[in-house]
Amino acid sequence: MVKYGLDYTRCRWILPLLLGIGVIFGIIALAGRGWLESQTLPYVQQASLWQSCRRPEQGGEWSCESLMRYAWGRAAAATYLVGFLLLVICFALAIIAFAIDTLRFNFIRGIGGLLFVAAMFSIMGLVIYPVKFSSEMEMTGINMFSWAYGFGWTTAIMEICLGFFFCCLPNYEDQILGNVKPTYFYSSP
């Protein structure tokens, strides 16, 4: 991306595209029912960020309980949701920043800082949930933190990595804008 500059049409939108993928992964984590699932048959427990469901036997009816009744459930949901909303704001700001013909590199560095704050909130929610869930909820059988919880961690890791990219991009401002003359390593005989 630095070699061709941000005006190179295929490279200009890579960072906003990656932020968009992070937003999609965050939506999957928020809406997914697979934060915690039973690992073996009979499947007796399934939980999301919002509720915990269990059934007594195979083929029985699921009974669900809201995790918003617990303070830790509200805290986990609120911190993860704040991190997700900050990610959506960063996505919108990145679209605006890269759509303008003349890039504002300090603006891009600010997006990187906001991504680190979003990652901090997301990680707080992702740590509160399993610690308090496993200590305060009755769990039967062998359970595992599953696919939707993994999407939550993927979102947090993407926020950290993209934060580094957005913060380091202004260091290469001259190379990106084409203000540096190319250096040729050619020696004549």
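Side chains are part of it too, since the values below use all heavy atoms of this structure and drop only hydrogens, waters and symmetry mates. All figures in this text were calculated on a predicted structure; none of them were measured in a lab.
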Item to check | Qualifying residue, where the test is side chain to side chain contact (heavy atoms under 4.5 Å, CB included) with C90 and the options are L114, L162, V117 | outcome: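 Going through the options one by one, the only one that passes is L114.
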
Could you check if a side-chain atom of [X] sits within less than 4.5 angstrom of a side-chain atom of [Y], using non-hydrogen atoms only?
X    : Y   : result
W72  : L67 : yes
Q46  : L36 : no
K132 : Y70 : no
L115 : L86 : no
Q45  : C53 : no

Item to check | Non-neighbouring partners of Y129 that pass ring pair (Phe, Tyr, Trp, His ring centres under 6.0 Å), sequence neighbours left out | outcome: W35, F133

Looking only at non-hydrogen atoms, find the nearest pair between [X] and [Y] and report the distance.
X    : Y    : answer
I128 : A76  : CG2-CB, 3.9 Å
C167 : G113 : SG-N, 3.8 Å
T154 : F25  : CG2-CD1, 3.5 Å
S48  : G32  : CB-O, 3.3 Å
E159 : S122 : OE1-OG, 3.2 Å

From [X] atom [atom1] to [Y] atom [atom2], the distance as rounded to the nearest 0.5 Å:
X    : Y    : atom1 : atom2 : answer
F165 : I160 : CZ    : CD1   : 13.5 Å
S146 : R33  : OG    : CZ    : 12.5 Å
E136 : S52  : CD    : OG    : 12.5 Å
L49  : L126 : CG    : CG    : 8.5 Å

Kindly work out whether a path of hydrophobic side-chain contacts (I/L/V/M/F/W/Y, heavy atoms less than 4.5 Å apart) joins [X] to [Y].
X    : Y    : result
F164 : I111 : yes
L81  : F116 : yes
V23  : I14  : yes
W50  : V82  : yes
I27  : F121 : yes

Checklist entry - Would I123 and T79 count as a side chain to side chain contact (heavy atoms under 4.5 Å, CB included) if you check the C-alpha gap in whole Å, the side-chain angles of each, and the deciding distance to 0.1 Å? => result CA-CA 8 Å; I123 290 172; T79 54; over 6 Å; no

Checklist entry - Looking only at atom types and distance, does a side-chain atom of R74 sit under 3.5 Å from a main-chain N or O of M68, one as donor and one as acceptor? => result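 Yes: the side chain of R74 pairs with the backbone of M68.
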
Next on the checklist: Main chain of S66, side chain of Q51: is a donor-acceptor contact present, judged purely on distance under 3.5 Å?
Outcome noted: no

Checklist entry - Please walk me through it: do L30 and F84 pass side chain to side chain contact (heavy atoms under 4.5 Å, CB included)? => result CA-CA 9 Å; L30 284 170; F84 175 74; 3.6 Å; yes

Checklist entry - Stepwise, does the side chain to side chain contact (heavy atoms under 4.5 Å, CB included) test hold for L19 with F166? => result CA-CA 11 Å; L19 276 175; F166 275 95; 3.8 Å; yes

Item to check | Worked verdict on Y80 versus T155 for side chain to side chain contact (heavy atoms under 4.5 Å, CB included) | outcome: CA-CA 10 Å; Y80 189 78; T155 302; 3.9 Å; yes

Item to check | Test log, rule side chain to side chain donor-acceptor pair (under 3.5 Å), inputs E37 and Y149 | outcome: CA-CA 10 Å; E37 292 180 332; Y149 185 69; over 6 Å; no

